[in-house]
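Owing to the predicted nature of the structure, the values given are computational and were not obtained by experimental measurement. Scope of the values below: all heavy atoms of this structure, side chains included, with no hydrogens, waters or symmetry mates.
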Amino acid sequence: ASAAPAEPAAAAPGDAARKPRLTPLARRIAAAMQLDLARLGNGRAGLVRKADILAMAEEPRTENPEPIGADQRVGPEPVEANLVLAHATSRGLKSALPKPLTSHFSPLTSQFRIPVATSTVQVDMGAVVAYCTRHRTEYERRRLRLDELACIAYAAIATLPAQPLLNARWSDDGVVLRRRLHLLLADVLVPDASDLTLRGLVRQSQSMQQGEPAAATFSIHPGSGHMGAAHLPHGQSAALLLGTTRRQAVVIDDAVAVRPVLLITLAYDGRVLTQAHAGHFLSSLRQQLEHFT
């Protein structure tokens with residue numbers, strides 16, 4: 001008699017695919033990209049965020065992909081090819097400058113010895129002021145305080161993914177790109193700020209206690225003026241310095257109007273960023289703020 005077909009072995013309980021936990025923004029991006037969520041593990045702290053989804057989308061697809069676990073290190077995001085910081089390494093980007101030119105950067109430990117540069121842009125804050133006026137009552141009903149600083153932080157968060165070097169740090173082995181954005185807003189540390197809505201950002205910034213600046217990867221300092229060198233925290237490649245909003249006469253379509261104007265300064269590490277990066281980021285940020293919705 002012919003042998004009976006072998007029954008399939010019972011799957012072990014640990015082999016069952018567990019559904020990953022995603023933030024709402026990460027779930028929407030994964031659905032739009034039609035990504036296979038079975039490739040994802042639970043990520044760090046058991047939660048998959050936008051950075052994890054975008055990193056998975058950039059990876060080459062294989063026939064039998066392995067799930068991405070929390071302990072697997074994801075490589076750095078791609079950057080522009082014309083940077084002097086080029087050769088990719090396991091820790092980040094290796095400087096392409098010759099050793100004699102970079103050796104004097106190695107012993108830098110004091111804040112004043114970091115080569116800090118600044119770039120400033122003038123922003124018409126009329127759209128932001130109008131938005132805060134329209135929605136302030138709605139936020140107050142939820143015991144939240146909506147102000148211009150929260151809107152600026154939200155616009156900066158939306159602009160940072162296009163400039164990953166602003167969320168990086170210098171090291172002796174090269175530039176290390178960070179996948180997580182930990183925002184220091186004034187004196188409050190908002191961890192994992194990249195997936196927050198405007199309302200979530202306001203709620204987090206009001207509920208969190210004063211944070212440790214060393215844990216932040218990007219910071220925004222209101223009322224800082226142009227003191228860039230004194231306000232670039234150690235371990236960060238860039239920081240936003242905000243002046244005071246003042247009403248000034250500006251020219252709009254060949255007419256003079258009085259508008260609320262704010263000077264925004266980007267202080268950045270000259271070893272990591274160039275003036276072109278700073279100008280591109282500030283231009284995009286100004287576009288976000290002058291058309292804020």
[X] side, atom [atom1]; [Y] side, atom [atom2] - distance, nearest 0.5 Å:
X    : Y    : atom1 : atom2 : answer
L282 : Q163 : CG    : CD    : 10.0 Å
R178 : L160 : CZ    : CG    : 12.0 Å
Q288 : T293 : CD    : OG1   : 8.0 Å
R199 : L201 : CZ    : CG    : 12.5 Å
T23  : D195 : OG1   : CG    : 4.0 Å

Do [X] and [Y] have side chains that get closer than 4.5 Å, going by heavy atoms?
X    : Y    : answer
L241 : I264 : no
L196 : Q204 : yes
Q248 : V258 : no
L184 : I220 : no
S171 : R169 : yes
L165 : H277 : yes
E290 : V123 : yes
F218 : L166 : yes

Minimum heavy-atom distance between [X] and [Y], given as atom pair plus value:
X    : Y    : result
A127 : F292 : CB-N, 3.8 Å
F281 : A156 : CE1-O, 4.3 Å
S205 : V188 : O-CG1, 3.5 Å
I152 : L289 : CA-CD2, 3.9 Å
V202 : A150 : CG2-CB, 3.7 Å
P164 : L177 : O-CD2, 3.7 Å

Apply side chain to side chain contact (heavy atoms under 4.5 Å, CB included) to L266 and L285, showing your working.
CA-CA 11 Å; L266 180 71; L285 180 61; over 6 Å; no
As a quick check of understanding, evaluate side chain to side chain contact (heavy atoms under 4.5 Å, CB included) for L189 and H182, giving each step before the final call.
CA-CA 7 Å; L189 179 64; H182 304 310; 4.3 Å; yes
Under 3.5 Å, is there a donor-acceptor pair between the [X] and [Y] side chains?
X    : Y    : answer
Q236 : S219 : yes
H280 : S283 : no
D269 : S237 : no
S119 : Q275 : no
T120 : T265 : yes

Going through the checks in order, is the side chain to side chain contact (heavy atoms under 4.5 Å, CB included) test met by R259 and R247?
CA-CA 5 Å; R259 305 287 293 175; R247 299 189 65 83; over 6 Å; no
In plain terms, say whether R142 and E138 are close enough for a salt bridge, that is, a side-chain N and a carboxylate O under 4.0 Å apart.
yes
Under 3.5 Å, side chain of [X] to main-chain N/O of [Y], donor-acceptor pair present?
X    : Y    : answer
R180 : D192 : no
D124 : G126 : yes
T245 : V261 : no

May I ask you to check whether over 12 heavy atoms, not counting those of R143, lie within 6.0 Å of atom CZ?
no
Examine Y139 together with H135 and report whether their ring centres are nearer than 6.0 Å.
no
